[in-house]
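Have a look at the structure below before the remarks.
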Number of protein chains: 2
Amino acid sequence: MDAIGILKQLKDKGVRFTPQRQAILEFLLETESHPTADEIYHHVKAKFPGVSLGTIYNTLNMLKEHGHLLELSYGDMSSRFDGNPKNHYHIVCSHCGRVVDYHRPLIDIDQEVMDNSGFKILGHRMEFYGICPECRKGERLN
Amino acid sequence: MDAIGILKQLKDKGVRFTPQRQAILEFLLETESHPTADEIYHHVKAKFPGVSLGTIYNTLNMLKEHGHLLELSYGDMSSRFDGNPKNHYHIVCSHCGRVVDYHRPLIDIDQEVMDNSGFKILGHRMEFYGICPECRKGERLN
DNA sequence: TTTAATTTTAAAATCATTGTAATTTACATT
DNA sequence: AATGTAAATTACAATGATTTTAAAATTAAA
């Protein structure tokens, strides 16, 4: 579904349709990256010069509560937001902090969790922790 | 391996052995919980009244860099630290923020990732996102 | 035991995120 | 189309987790 469709659907739940929200959601749906709140802010600012970071966070939290967005948090940086989880996971280097994609079909497990937990599962996130090839070489952390 | 063993091993890599570090690592290894930095701080303070939060973070980052610790970050709360990943994953409610354990044997996938990525994989984290039973009932977010 | 380097401490600084108060907007109801 | 009102936006202040700093203390190693 596109941004307009999602926002129209949310209207039935009392969420107002604003042009700022449309711009934010459209960007989230069209981008392949996992932008930070600040990156979204700068992008939306091109269309709406007066938009504030507060509005970005407000909209992201609203979308998250309604299950249209995954928030990916790392320890030492801003959260990143994923409007459409793709077929990949992430590997994080515990030494240098680098994050690389690991392409692989998503593990088919959400239904199992839904059946056993009573949650309505919207998606999952999987992250591998390790030491990247460069750090292994350069700093012999093995 | 126990705290002393790990710290002795780290000594070969130029990491100094201090009693504060020993106390922090011992607590991480013995606890079943996933404590925040502040919880670790208060616990270690019982033995070392003069210890500072700065030392806690310093030690946690050191352990993380050397792969002896997983940092679990959520969007809206402090990071939690896991000294020995147990047989469970987490489910996070996108609406109310609650985190519950989902007990299940860990997926056997680290070796595959290690072979394909060149990273030395130390562990993984899996988190399910959804709407918890209470939020589904009370607020009809389906 | 001496020395140099690292760690600790305590306090200040940083930065992502949230809260606030005033203004504006969306939208249901006239 | 005009109006009322609740919700959203804006600009800015506040919060709180984490990092940095500088000086003092402690550690490892010669």
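Proteins come first, then strands; the chains are lettered A, B, ... in the order of their sequence lines, and each starts at number 1.
Put simply, CG on A/Leu60 is 15 Å from C1' on D/dA8, counting in whole angstrom units. Remark: P of C/dT9 and CD1 of B/Ile56 are 8 Å apart, rounded to the nearest angstrom. A straight line from OH of B/Tyr57 to P of D/dT21 spans 18 Å, rounded to a whole angstrom. Going from atom CG of B/Asn61 over to atom P of C/dT7 covers 13 Å, rounded to whole Å. In this structure, CG of A/Leu53 is placed 16 Å from C1' of C/dT20, rounded to the nearest angstrom. Here the C1' atom of nucleotide D/dA7 and the NZ atom of A/Lys13 are 18 Å apart, to the nearest Å. Atom CG of B/Leu10 is separated from atom P of C/dT7 by 11 Å (rounded to the nearest Å). The nearest whole Å value for the distance from the CZ atom in B/Phe48 to the P atom in D/dA25 is 18 Å.
B/His66 places none of its side-chain heavy atoms less than 4.5 Å from the side chain of B/Gln9. A/Ile109 has its side chain within reach of B/Arg104: a pair of non-hydrogen atoms, C-beta onward, lies under 4.5 Å apart. Side-chain contact check for B/Leu10 versus B/His68: some heavy-atom pair is nearer than 4.5 Å.
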For nucleotides 10-14 of chain C, print each protein N/O atom paired with a nucleotide N/O atom at under 3.5 Å, atom names and distance only.
unit_1 : atom_1 : unit_2  : atom_2 : d
C/dA10 : OP2    : B/Gly50 : O      : 3.3

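Counting heavy-atom neighbours within 6.0 Å of A/Asp108 CG, excluding the residue itself, gives a total of 12 or less.
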Side-chain polar contacts of residues 18-29 of chain B - donor-acceptor pairs under 3.5 angstrom, sequence neighbours left out - could you list them?
unit_1  : atom_1 : unit_2  : atom_2 : d
B/Thr18 : OG1    : B/Arg21 : N      : 3.2
B/Arg21 : NH1    : B/Arg16 : O      : 3.0
B/Gln22 : NE2    : B/Glu26 : OE2    : 3.0

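Interatomic distance, B/Asn116 CG to A/His103 NE2, rounded to the nearest 0.5 Å: 12.5 Å.
Overall bending of the helix from C/dT1-D/dA30 to C/dT30-D/dA1, expressed as the angle between end axes built from five pairs apiece, is 40° (10° steps).
Listed by chain and residue number, A/Tyr41 satisfy the side chain to side chain donor-acceptor pair (under 3.5 Å) test with A/Lys45 (two or more places apart in sequence, or in another chain). Judged as a side chain to side chain donor-acceptor pair (under 3.5 Å), and not counting sequence neighbours, A/Asp12 has no contacts.
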(request) Quick one, give me the B/S/- string for nucleotides 22-30 of chain C, reading 5' to 3', where B means a protein heavy atom under 4.0 Å from the base and S means that only happens at the primed atoms, P, OP1 or OP2. (result) ---BBS---
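Ring-plane geometry between B/Tyr102 and B/Phe128 is classed as perpendicular, the angle between the planes exceeding 60 degrees on a 0 to 90 degree scale with a lower cut at 30.
Centroid-to-centroid, the aromatic rings of A/Tyr89 and A/His124 come within less than 6.0 Å.
Checking the phosphate oxygens (OP1, OP2) of D/dT19, no side-chain nitrogen or oxygen of B/Asn58 falls inside 4.0 Å.
Between A/Glu134 and A/Arg136, none of the side-chain N atoms (NZ, or NE/NH1/NH2) sits under 4.0 Å from a carboxylate O, so this pair counts as no salt bridge.
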